[in-house]
Amino acid sequence: MTTGLPNTKNKLDTRQAALLTLHAELETCRRCPKMYGPAVHSESVLSPVMLIGQAPGTREIEQLKPFCWTAGKTLFNWFAPLGLDETAFRARILMSAVCRCFPGKNPKGGDRVPDRDEVACCERWWRGELELLRPRLLLPVGKLAIAQLMPVPRLNDVIGRQWTYRSPEGWEADVIPLPHPSGASTWFKMEPGRTLLAQALDLIAVHPAWRAVLDAEPDQAARA
């Protein structure tokens, strides 16, 4: 009688190798002349949950870690009560982004929003991660990230609810959008944003994919 476990392990090893290769290629990307590198990616971890941010800031390209500064502190404070502190989150969940290099500063203040060509140019990286993981739960953070998966007329219209993403290949995942945790944003600090954020976090806490990440070792979570 065969258990199928060796075959499962081989599939995981193949996906892990492909993800490492994808990230190695990402590190060499210099396609966008107005972007400041190097490109940033998280640990090459297989997980049933995938977070998609917007773009790194200056600290992220210095430390080569997504969400490593002020916005990250807020983000990880959201997840800590759900069972994952920053260290555990980074070890267990792949953190992607719409664009992987720093867009530069906006003359009017804050970081520049990547333009349409830059978003399109960088799409292959997060879509490559998405196809390798085929996660059961997607967490887009911020309006630019949410817009890659679904229409988003206003944050009030999408946050606090669970949605369905259907990939071009035909597989599906649940989507629970989150606001961007930037210190410049007031949306999640005021109503209705505060209540809608709490509702979104409650949905994440009970989602089977999140529970699988909590209950399994990092290398086992991708099998759940």
Side-chain angles (χ1 to χ4, degrees), residues 19 22 26 40-42 46-56 66-67 71-72 74-75 78-79 82 84 89 93-100 103 111-182 184-213 222:
L19 185 57
L22 181 73
L26 168 60
V40 176
H41 63 81
S42 73
L46 299 176
S47 172
V49 180
M50 177 172 159
L51 181 143
I52 306 176
Q54 300 193 145
F67 284 106
T74 299
L75 182 73
W78 293 348
F79 292 129
L82 310 188
L84 291 181
F89 193 99
I93 291 178
L94 187 135
M95 303 175 70
S96 185
V98 176
C99 290
R100 312 310 275 270
D111 294 346
R112 180 177 69 86
V113 177
D115 63 35
R116 184 177 302 178
D117 289 341
E118 290 164 340
V119 170
C121 205
C122 220
E123 184 178 17
R124 62 165 296 202
W125 304 117
W126 68 264
R127 285 205 178 274
E129 292 166 328
L130 191 65
E131 186 58 31
L132 285 170
L133 264 65
R134 296 200 174 191
R136 289 186 289 150
L137 176 60
L138 290 165
L139 305 176
V141 178
K143 193 170 184 178
L144 181 65
I146 300 168
Q148 308 311 305
L149 303 177
M150 56 188 288
V152 50
R154 300 182 309 156
L155 292 180
N156 294 15
D157 299 323
V158 298
I159 293 179
R161 300 166 61 186
Q162 180 171 298
W163 306 83
T164 299
Y165 168 77
R166 182 173 290 104
S167 78
E169 293 74 25
W171 55 269
E172 294 184 352
D174 294 326
V175 181
I176 301 178
L178 294 170
H180 198 281
S182 166
S185 173
T186 60
W187 186 89
F188 62 88
K189 302 171 186 175
M190 304 169 61
E191 295 297 348
R194 184 183 301 165
T195 295
L196 293 175
L197 171 59
Q199 291 175 0
L201 294 173
D202 287 343
L203 289 171
I204 293 171
V206 299
H207 194 280
W210 184 267
R211 302 307 307 177
V213 171

Margin query: If I take atom CZ from residue Arg100 and atom SG from residue Cys122, how far apart are they, to the nearest 0.5 angstrom?
Written below: 6.5 Å

Next item on the list: Please collect all salt bridge (charged side-chain N to carboxylate O under 4.0 Å, His left out) contacts where either partner lies in residues 142-152, sequence neighbours excluded, each pair once.
Entry: none

Item checked: Those residues that, when tested against Trp171, pass side-chain hydrogen bond (donor to acceptor under 3.5 Å, both in side chains) (two or more places apart) -> Glu131, Ser167

Check: Which value, rounded to the nearest 0.5 Å, describes the distance between Leu203 atom CG and Ile159 atom CD1?
Finding: 12.0 Å

Notebook entry, point to check: With sequence neighbours excluded, what pairs up with Ala55 under the side-chain contact (heavy atoms from CB on, under 4.5 Å) test?
Noted result: Cys99, Pro103, Pro114

Next item on the list: State, to 0.1 Å, how close Ser96 and Trp126 come at their nearest heavy-atom pair, and which atoms those are.
Entry: OG-CB, 3.2 Å

Next item on the list: With sequence neighbours left out, write down each residue that passes side-chain contact (heavy atoms from CB on, under 4.5 Å) with Asp157, or none if nothing qualifies.
Entry: Pro153, Arg154

Notebook entry, point to check: Do the side chains of Tyr165 and Leu130 get nearer than 4.5 Å, heavy atoms only?
Noted result: yes

Checklist line | For Leu133, side-chain contact (heavy atoms from CB on, under 4.5 Å) partners two or more places apart | finding: Leu19, Leu46, Met50, Leu94, Pro135

Item checked: Side chain to side chain, Pro168 and Arg127, heavy atoms closer than 4.5 Å -> yes

Next item on the list: List the steps, then state whether side-chain contact (heavy atoms from CB on, under 4.5 Å) holds for Val175 with Met150.
Entry: CA-CA 9 Å; Val175 181; Met150 56 188 288; 4.2 Å; yes

Item checked: Glu123 side chain to Val119 backbone, donor-acceptor under 3.5 Å -> no

Note to self: I'd like to know if the side chain of Arg136 and the backbone of Ala173 have a donor-acceptor N/O pair within less than 3.5 Å.
What the structure shows: no

Check: Do side-chain atoms of Glu118 reach the backbone of Asp115 as a donor and acceptor pair under 3.5 angstrom?
Finding: yes

Next item on the list: I would like to know whether Leu149 and Trp163 meet side-chain contact (heavy atoms from CB on, under 4.5 Å); could you show each step before the answer?
Entry: CA-CA 10 Å; Leu149 303 177; Trp163 306 83; over 6 Å; no

Next item on the list: Taking all non-hydrogen atoms of both residues into account, name the closest pair between Ala145 and Val98 and its distance.
Entry: CA-CG2, 3.6 Å

Check: Do Pro66 and Met95 touch side chain to side chain, with heavy atoms closer than 4.5 Å?
Finding: yes

Note to self: On a heavy-atom basis, which atom in Asn156 and which in Pro192 lie closest, and how many Å separate them?
What the structure shows: ND2-CG, 3.6 Å

Checklist line | Value rounded to 0.5 Å, distance of CG in Leu51 from CG in Leu75 | finding: 6.0 Å

Next item on the list: Determine whether Pro177 and Val152 make a side-chain contact, defined as any pair of heavy atoms from C-beta on separated by less than 4.5 Å.
Entry: no

Check: By side-chain hydrogen bond (donor to acceptor under 3.5 Å, both in side chains), which residues pair with Asp117, not counting sequence neighbours?
Finding: none

Checklist line | Criterion side chain to side chain contact (heavy atoms under 4.5 Å, CB included) against Pro48, the qualifying member of Leu137, Val213, Ile93 | finding: Val213

Notebook entry, point to check: Is the closest side-chain heavy-atom distance between Leu139 and Ile204 below 4.5 Å?
Noted result: yes

Note to self: Can you confirm whether Phe67 sits close enough to Ser42 that some side-chain heavy atom of one is under 4.5 Å from a side-chain heavy atom of the other?
What the structure shows: no

Notebook entry, point to check: Gln54: what forms a side-chain hydrogen bond (donor to acceptor under 3.5 Å, both in side chains) with it, not counting sequence neighbours?
Noted result: none

Check: With a 4.5 Å limit on heavy-atom distance, are the side chains of Ile146 and Leu155 in contact?
Finding: yes

Notebook entry, point to check: Is there a side-chain contact between Leu201 and Leu178, using heavy atoms and a 4.5 Å cut-off?
Noted result: yes

Next item on the list: Just jot down the side-chain hydrogen bond (donor to acceptor under 3.5 Å, both in side chains) partners of Arg116, sequence neighbours excluded, or say none.
Entry: none

Item checked: Considering all heavy atoms, the nearest Ala71-Pro181 contact -> O-CG, 3.4 Å

Notebook entry, point to check: Tell me the side-chain hydrogen bond (donor to acceptor under 3.5 Å, both in side chains) pairs involving residues 194-203, sequence neighbours left out?
Noted result: Glu191-Thr195

Item checked: Within residues 162-181 or reaching into it, pairs that qualify as salt bridge (charged side-chain N to carboxylate O under 4.0 Å, His left out) - sequence neighbours excluded -> Arg166-Glu172

Next item on the list: Not counting sequence neighbours, list each pair that qualifies as a ring pair (Phe, Tyr, Trp, His ring centres under 6.0 Å) and has a residue in residues 188-207.
Entry: Trp78-Phe188

Notebook entry, point to check: Which pair of heavy atoms, one from Gly128 and one from Leu22, lies closest together, and at what distance?
Noted result: C-CD2, 3.7 Å

Checklist line | Arg124: salt bridge (Lys or Arg N to Asp or Glu O under 4.0 Å) partners, not counting sequence neighbours | finding: Glu25

